[in-house]
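The chains referred to below are lettered A, B, ... by the order of the sequence lines, with proteins before strands, and numbering in each begins at 1. These values consider heavy atoms only, across backbone and side chains, with no hydrogens, waters or symmetry-generated copies. From a predicted model like this one, the values you see are computed outputs, not experimental measurements.
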Protein chains: 2
Amino acid sequence: MTPHPLRVHLEQIAPLTDGEFDYILGHFMPRAFRRHQFVVQEGMAVPGDFFVVKGCLRAYHTASDGKESILQFATENWWVTDYDAYYRERPATISIDCIEPCELLCLSLLNREKLCAELRGVEHFFRKKSNAGYVALQQRILSLLTTNAAERYEQFAAQYPHLLQRLPKTMIAAYLGVSRETLSRL
Amino acid sequence: MTPHPLRVHLEQIAPLTDGEFDYILGHFMPRAFRRHQFVVQEGMAVPGDFFVVKGCLRAYHTASDGKESILQFATENWWVTDYDAYYRERPATISIDCIEPCELLCLSLLNREKLCAELRGVEHFFRKKSNAGYVALQQRILSLLTTNAAERYEQFAAQYPHLLQRLPKTMIAAYLGVSRETLSRL
DNA sequence: ATTTCGGTGTGAGGTAGGTCACAGCCTACA
DNA sequence: TGTAGGCTGTGACCTACCTCACACCGAAAT
């Protein structure tokens with residue numbers, strides 16, 4: 001029997017006994033979503049942090065003129081939510097929806113803090129994960145500050161080759177901060 | 001006697017006994033820097049993560065054409081380093097220098113991990129801190145994706161009013177990703 | 001006292017990328 | 001099997017912002 005994807009993911013940072021993993025998994029709520037379905041919707045409460053078992057999602061902000069900017073994509077073994085709203089227990093200011101049918105594991109803030117308090121390994125995992133995420137966002141900021149549309153697209157293609165085929169170009173443009181048309185002209 | 005600024009800072013997230021704080025402080029190396037002095041220099045090893053007791057710094061990237069983009073400012077009670085290089089123990093890819101004379105506390109990666117392993121409160125503190133930092137960077141990315149020069153400057157002024165007087169406009173421009181001249185025209 | 005230099009304002013002109021509009025092509029679904 | 005809607009390409013125009021150039025000012029340095 002192949003190990004659970006969440007277990008593989010956690011154990012890349014913190015080793016776990018069978019009992020510990022079962023205990024952890026029990027704090028996640030499995031949820032399935034259809035294509036185009038909202039996982040988090042602007043203005044609504046955020047039910048948890050979502051670990052992606054299968055599928056593809058986008059977290060995006062909608063401006064008053066209707067233009068959408070994509071903050072993050074998420075595929076297998078990524079985590080996604082509106083972190084600002086999640087940590088502070090406020091209504092969401094961004095929306096997250098499914099680009100493909102999704103199987104997710106939802107971890108409520110209460111359960112996250114409970115697990116972190118009870119199991120050192122879990123708090124260690126989330127610290128390391130957050131550190132890595134911070135670094136990745138810094139790099140994206142530098143990319144936005146220093147490079148033009150073509151260079152950003154190249155960087156994206158080099159960093160996420162698997163997403164190139166999986167995502168419509170329109171969405172990649174909304175992630176890179178470029179218009180659909182400009183991206184189309186390479 | 002007024003409590004140590006680092007202690008105040010840590011205790012906003014994790015309460016500490018006198019003994020614990022003394023033990024923690026013993027893992028930091030106090031260092032003083034002059035105006036314009038490098039704290040971290042591109043290509044060199046990163047000695048640690050720096051807690052700012054006093055002063056003002058900038059972390060910036062220099063492009064091949066010499067143009068500087070500022071990733072982060074740091075003043076009293078902020079942390080700053082090249083996190084990518086620090087966590088991965090690689091040579092720095094950004095530089096950090098002092099805008100004012102600085103008193104810093106340097107925490108090596110070894111001591112950070114040691115403290116995190118020995119004291120729950122410390123690991124908890126760094127997890128929370130990293131989470132908050134992640135959210136702040138997400139907001140900056142959204143700002144870069146969705147707003148123009150004037151709006152970004154307004155947001156910056158609203159968020160960091162004390163930095164407006166403390167920093168030359170040229171640097172604020174390099175932080176916002178706008179030319180000095182455009183910022184000058186408001 | 002004079003010079004240098006960092007910081008700032010402002011004008012003129014250039015350009016990367018935005019906006020708008022239309023057309024072609026799929027897939028899905030009735 | 002027709003039609004509607006998502007995705008992409010492309011042309012024509014427009015504009016926010018960049019670049020270059022010069023001028024002014026105050027603080028520091030000699």
Side-chain angles (χ1 to χ4, degrees), chain A residues 34-38 55-58 60-70 73 95 97-101 141-157 160 162-186, chain B residues 34-38 55-58 60-70 73 95 97-101 141-157 160 162-186:
Chain A
R34 294 195 313 276
R35 205 160 123 79
H36 293 146
Q37 193 174 351
F38 281 112
C56 183
L57 308 88
R58 66 200 245 264
Y60 61 99
H61 176 262
T62 307
S64 48
D65 64 359
K67 210 186 306 181
E68 294 176 353
S69 300
I70 297 181
F73 294 115
S95 294
D97 67 17
C98 298
I99 298 170
E100 304 171 2
I141 287 172
L142 263 191
S143 170
L144 287 169
L145 289 178
T146 62
T147 68
N148 62 22
E151 289 170 323
R152 285 215 288 285
Y153 181 73
E154 271 173 43
Q155 288 179 2
F156 181 86
Y160 308 109
H162 57 294
L163 290 183
L164 277 192
Q165 299 110 33
R166 211 161 163 182
L167 297 172
K169 300 258 165 112
T170 309
M171 287 190 187
I172 297 177
Y175 177 89
L176 296 176
V178 193
S179 76
R180 210 211 86 218
E181 294 91 332
T182 297
L183 194 72
S184 166
R185 295 184 239 262
L186 281 179
Chain B
R34 294 195 313 277
R35 204 159 125 76
H36 293 146
Q37 191 173 354
F38 281 112
C56 182
L57 308 87
R58 66 199 244 266
Y60 61 98
H61 176 262
T62 308
S64 47
D65 65 357
K67 210 186 307 181
E68 294 176 353
S69 300
I70 296 181
F73 294 116
S95 294
D97 66 18
C98 299
I99 298 171
E100 304 170 2
I141 287 172
L142 262 191
S143 170
L144 287 169
L145 288 179
T146 62
T147 67
N148 62 21
E151 289 170 321
R152 284 216 287 286
Y153 180 72
E154 272 173 43
Q155 288 178 1
F156 181 86
Y160 307 110
H162 57 295
L163 289 183
L164 277 192
Q165 298 110 32
R166 212 161 163 182
L167 297 172
K169 300 258 163 113
T170 309
M171 288 191 188
I172 297 177
Y175 177 89
L176 296 176
V178 194
S179 75
R180 207 214 87 217
E181 295 90 333
T182 297
L183 194 72
S184 166
R185 295 184 239 262
L186 281 179

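In this structure, A/F73 and A/Y175 have parallel ring planes: the angle between them is below the 30° cut-off, well short of the 60° mark. Between A/F156 and A/Y160, the ring-plane angle classifies as tilted under the 30° and 60° cut-offs.
With hydrogens and angles ignored, a donor-acceptor pair under 3.5 angstrom links the side chain of A/R185 to the base of D/dG11. The base of D/dC17 does not come close enough to the side chain of B/E181 for any donor and acceptor atom to sit less than 3.5 Å apart. No N or O donor and acceptor, one from the side chain of A/R35 and one from the base of C/dT27, sit under 3.5 Å apart.
For the side chain to side chain donor-acceptor pair (under 3.5 Å) criterion with A/E100, the lone passing option out of A/H36, A/R166, A/R35 is A/R166.
One interatomic measurement links the two molecules: NZ of B/K169 to P of C/dT10, which rounds to 11 Å at whole-angstrom precision. Spacing between atom CG of B/L186 and atom P of D/dA16 amounts to 16 Å, rounded to whole angstrom units. Note: CG (A/L183) to P (C/dT19) measures 14 Å, nearest angstrom. Regarding B/D65, its CG atom lies at a distance of 12 Å from the C1' atom of D/dC18, rounded to whole Å. Rounded to whole Å, the distance from NE2 on B/H36 to C1' on D/dA29 is 14 Å. Between B/I172 atom CD1 and C/dG6 atom C1' the separation is 15 Å, expressed in whole Å. Across the protein-nucleic acid pair, B/R152 atom CZ and D/dA16 atom C1' stand 11 Å apart, rounded to whole Å. In this structure, the CZ atom of B/R58 is 13 Å from the C1' atom of C/dG6, given to the nearest Å.
Dashed line: the shortest gap from a side-chain N or O of A/T182 to OP1 or OP2 of C/dG18 is under 4.0 Å. The shortest distance between the side-chain N/O atoms of B/K67 and the OP1/OP2 oxygens of D/dC18 is not below 4.0 Å. For C/dT8, one of the phosphate oxygens OP1 or OP2 lies less than 4.0 angstrom from a side-chain nitrogen or oxygen of B/T170.
Checking D/dT8, C/dG7, C/dG17 against every side-chain atom of B/P168, the shortest atom distance belongs to C/dG7. Minimum atom distance to the side chain of A/S179 is reached by C/dG18, of the listed C/dG18, C/dG17, C/dG9.
Among the atoms of the strands shown, base atoms are found under 4.0 Å from some heavy atom of B/S184.
Closest non-hydrogen pair, A/L145 versus B/A174, comes out as CD1-O, 4.4 Å.
In this structure the side chain of B/L183 reaches within 4.5 angstrom of the side chain of B/L176, judged on heavy atoms.
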